[in-house]
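Got a structure for you, written out below as structure tokens; questions coming shortly.
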Amino acid sequence: MNDRRAERCRFLAIDGVAALDHARREDGTDVIRVHVTSGPVERSVPRELDGHPVIIVVTGPYEAQ
């Protein structure tokens, strides 16, 4: 497994992390959005991934439909 994939898997293994995606700020900066189920999970999430800043998005739990 390459380092980038291993790092992403480490994020997804954090209890309360529901998803990861990429986004771009208005200033053009690429960021990684980490979707979490509740605000307290935020303390467990590193602030950088693959050299990109991490943005926390509190979404609540996802349910398959």
Side-chain angles (χ1 to χ4, degrees):
M1 184 180 308
N2 68 33
D3 291 339
R4 181 172 289 174
R5 185 170 178 185
E7 187 71 9
R8 290 172 188 265
C9 287
R10 186 173 70 84
F11 268 68
L12 290 169
I14 297 170
D15 190 35
V17 172
L20 298 175
D21 67 15
H22 293 90
R24 184 165 286 149
R25 290 182 180 160
E26 288 181 18
D27 68 2
T29 303
D30 288 322
V31 298
I32 304 295
R33 291 189 306 190
V34 178
H35 300 257
V36 300
T37 57
S38 66
V41 175
E42 183 176 347
R43 291 188 298 264
S44 301
V45 177
R47 298 290 168 233
E48 183 179 283
L49 176 63
D50 297 338
H52 300 292
V54 167
I55 303 297
I56 303 295
V57 180
V58 180
T59 60
Y62 287 115
E63 294 182 26
Q65 297 192 8

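Just so you know, these numbers use all the heavy atoms, side chains as well, and skip hydrogens, waters and symmetry mates.
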Tell me every residue that passes salt bridge (Lys or Arg N to Asp or Glu O under 4.0 Å) with Asp50, counting only those two or more places apart in sequence or in another chain. Arg4, Arg8

Donor-acceptor pairs are to be reported for all side-chain atoms of residues 40-48 against protein atoms at under 3.5 Å, with residues two or more places apart or in another chain.
{"from": "Arg47", "atom 1": "NH1", "to": "Val45", "atom 2": "O", "distance (Å)": "3.4"}
{"from": "Arg47", "atom 1": "NH2", "to": "Glu42", "atom 2": "O", "distance (Å)": "3.3"}

Between the side chains of His22 and Asp30, is a donor N or O closer than 3.5 angstrom to an acceptor N or O? no

Same cluster or not: Val57 versus Ile32, using hydrophobic residues (I, L, V, M, F, W, Y) connected whenever any side-chain heavy atoms lie under 4.5 Å apart? no

How many angstroms lie between atom NE2 of His35 and atom CG of Leu20, to the nearest 0.5 angstrom?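 Answer for the NE2-CG pair, His35 versus Leu20, is 8.0 Å.
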
Shortest non-hydrogen contact from Phe11 to Leu49? CE1-CD1, 3.6 Å

Do Val31 and Val34 sit in the same hydrophobic cluster, where Ile, Leu, Val, Met, Phe, Trp and Tyr count as joined when their side-chain heavy atoms come under 4.5 Å apart?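 In one cluster: no.
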
